[in-house]
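This is a predicted model, so every value here is computed, not measured. Index from 1, following the sequence. Only heavy atoms go into these numbers, but all of them, side chains included; no hydrogens, no water, no symmetry mates.
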Amino acid sequence: MPSMLPESWQAVLGEELDKPYFQELTEYVEKERAQHNVFPPRDEVFAALEATPYDRVKVLVLGQDPYHGAGQAHGMCFSVRPGVKTPPSLRNIFKEMQAELGHPIPDNGYLMPWARQGVLLLNAVLTVREGEANAHKGKGWEKFTDAVIKAVADRPDPAVFVLWGNYAKKKLPLIDTERHAVVQGAHPSPLSAKKFFGSRPFTQINEAVAAQGHPPIDWRIPDLAIPAR
């Protein structure tokens, strides 16, 4: 487990790392790493918080748990590193982006350009065992990421919370919907993509961002011309 939270999150989340549940979670994940392949790598567990500082969060997108295939997860929900084949859910996100906004589907699934504009790409569970989706569900990560959601919800500055699918929608009680905007919809996975397509989430998000006094998110992802593995 990483020993340090990114600096901008220390004041609002630092106490979580000292709580008994987090100590137990740390021990559990380290035992898992000793016996199995666990993703993402240890130094990328807090990558979403590193990429999007606390005071710069404009949009929080909530995923469930990391990709469980080798080389996919790097600590930001839905995103994969350059050169890694774009997974099905992200392909559907890009298809909706193209249909809704006219942006071309990129040759990669690296969402860092979104993160740098203030889109926090947070999974509810931050580690996973290789080949076993939800293997680390219910071990304590949810308490920590609930604290992340609450920290953003408690800020003076409003944000936009994006809750795709029933799992994410369960987090609605953590959010003051009078102060913050919430964009809800079907999950972009192939199982529910028919309901996701046509939901126009990018337009909804940018309208809410603009209403909160911020520049809209540029959703385009530049091509990197790296052959996918």
Side-chain angles (χ1 to χ4, degrees), residues 1-34 38-67 73-79 81 111-129 134-163 167-168 170-182 209 212 214 217:
M1 292 280 279
S3 58
M4 290 287 288
L5 276 169
E7 188 176 349
S8 73
W9 292 89
Q10 289 273 7
V12 292
L13 292 177
E15 289 181 2
E16 294 298 313
L17 274 59
D18 295 326
K19 292 180 178 178
Y21 86 84
F22 200 89
Q23 304 297 320
E24 292 170 11
L25 172 63
T26 299
E27 291 174 13
Y28 171 78
V29 174
E30 287 306 313
K31 282 181 183 175
E32 283 282 287
R33 288 194 188 278
V38 171
F39 305 131
R42 192 180 275 103
D43 62 352
E44 292 182 327
V45 170
F46 291 148
L49 302 179
E50 187 77 54
T52 310
Y54 176 62
D55 59 354
R56 293 193 56 211
V57 177
K58 296 195 287 189
V59 179
L60 189 156
V61 177
L62 186 66
Q64 194 159 349
D65 74 331
Y67 295 124
H74 69 103
M76 299 185 344
C77 75
F78 294 110
S79 181
R81 284 203 169 280
L111 303 184
M112 186 63 79
W114 295 357
R116 288 186 178 134
Q117 294 178 76
V119 180
L120 178 61
L121 297 165
L122 180 71
N123 275 315
V125 176
L126 297 189
T127 56
V128 71
R129 189 187 303 159
N134 293 315
H136 292 180
K137 182 180 179 181
K139 302 299 182 182
W141 276 127
E142 294 89 343
K143 290 182 182 179
F144 177 78
T145 54
D146 279 1
V148 176
I149 295 167
K150 287 177 190 170
V152 175
D154 288 345
R155 287 186 328 178
D157 295 334
V160 183
F161 291 82
V162 181
L163 308 178
Y167 182 88
K170 290 177 184 174
K171 305 296 182 179
L172 192 59
L174 302 176
I175 304 160
D176 179 353
T177 54
E178 304 236 330
R179 287 202 310 116
H180 301 283
V182 177
V209 166
Q212 292 170 353
H214 299 295
I217 306 297

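Applying the side chain to side chain donor-acceptor pair (under 3.5 Å) test to every pair with at least one member in residues 50-63, sequence neighbours left out, gives no pairs at all. Among pairs with a residue in residues 170-179, those fulfilling side chain to side chain donor-acceptor pair (under 3.5 Å) read Asp146-Lys171, at least two apart in sequence or across chains.
With Val182 as the partner, the side chain to side chain contact (heavy atoms under 4.5 Å, CB included) test is satisfied by one option alone out of Val162, Leu60, Ile175: Ile175.
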After noting the C-alpha distance and the side-chain angles of Glu142 and Lys137, does the key distance pass the side chain to side chain contact (heavy atoms under 4.5 Å, CB included) rule? CA-CA 8 Å; Glu142 294 89 343; Lys137 182 180 179 181; 3.4 Å; yes

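Here the closest heavy-atom approach between residue Pro40 and residue Arg33 is recorded as O-NH2, 2.9 Å. For the residue pair Leu111 and Cys77, the shortest heavy atom distance occurs at CD1-O, 4.0 Å. Closest non-hydrogen pair, Asp157 versus His180, comes out as O-CE1, 3.8 Å. Across every non-hydrogen atom of Pro66 and Phe39, the tightest pair is CG-O, 4.2 Å.
For Glu15, the CD atom is loosely surrounded, since the number of other residues' heavy atoms within 6.0 Å does not exceed 12.
Note that CZ of Arg81 and CE of Met112 are 7.0 Å apart. Values are rounded to the nearest 0.5 Å. Between the CG atom of Leu163 and the CG atom of Leu172 there is a distance of 6.5 Å, given to the nearest 0.5 Å.
Looking only at side-chain heavy atoms (C-beta outward), Leu5 and Glu16 stay at 4.5 Å or farther from each other. Residues Val29 and Val45 have side chains not in contact (no heavy-atom distance under 4.5 Å, counting atoms from C-beta outward). Tyr67 places none of its side-chain heavy atoms less than 4.5 Å from the side chain of Val128.
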Could you pull out all donor-acceptor pairs under 3.5 Å where a side-chain atom in residues 113-125 meets a protein atom, sequence neighbours excluded?
residue	atom	partner	partner atom	Å
Trp114	NE1	Trp219	O	2.9
Gln117	OE1	Asp218	N	2.8
Gln117	NE2	Pro113	O	3.0
Gln117	NE2	Asp218	O	2.9
Asn123	OD1	Gln64	N	3.3

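Contact check on Glu30 versus Arg42 returns a salt bridge, with a Lys/Arg side-chain nitrogen under 4.0 Å from an Asp/Glu carboxylate oxygen.
Separation of the Phe22 and Phe144 ring centroids falls under the 6.0 Å cut-off.
Trp141 contributes no side-chain N or O that, together with a main-chain N or O of His136, makes up a donor-acceptor pair within less than 3.5 Å.
When the side-chain contact (heavy atoms from CB on, under 4.5 Å) test is applied to Ala11, no partner is found at least two apart in sequence or on another chain. Remark: Lys139 pairs with Leu25, Tyr28 by the side-chain contact (heavy atoms from CB on, under 4.5 Å) rule, at least two apart or across chains. Partners of Gln212 according to the side-chain contact (heavy atoms from CB on, under 4.5 Å) rule, which considers only residues two or more places apart in sequence or in another chain, are Pro158, Val160, Ala181, His214.
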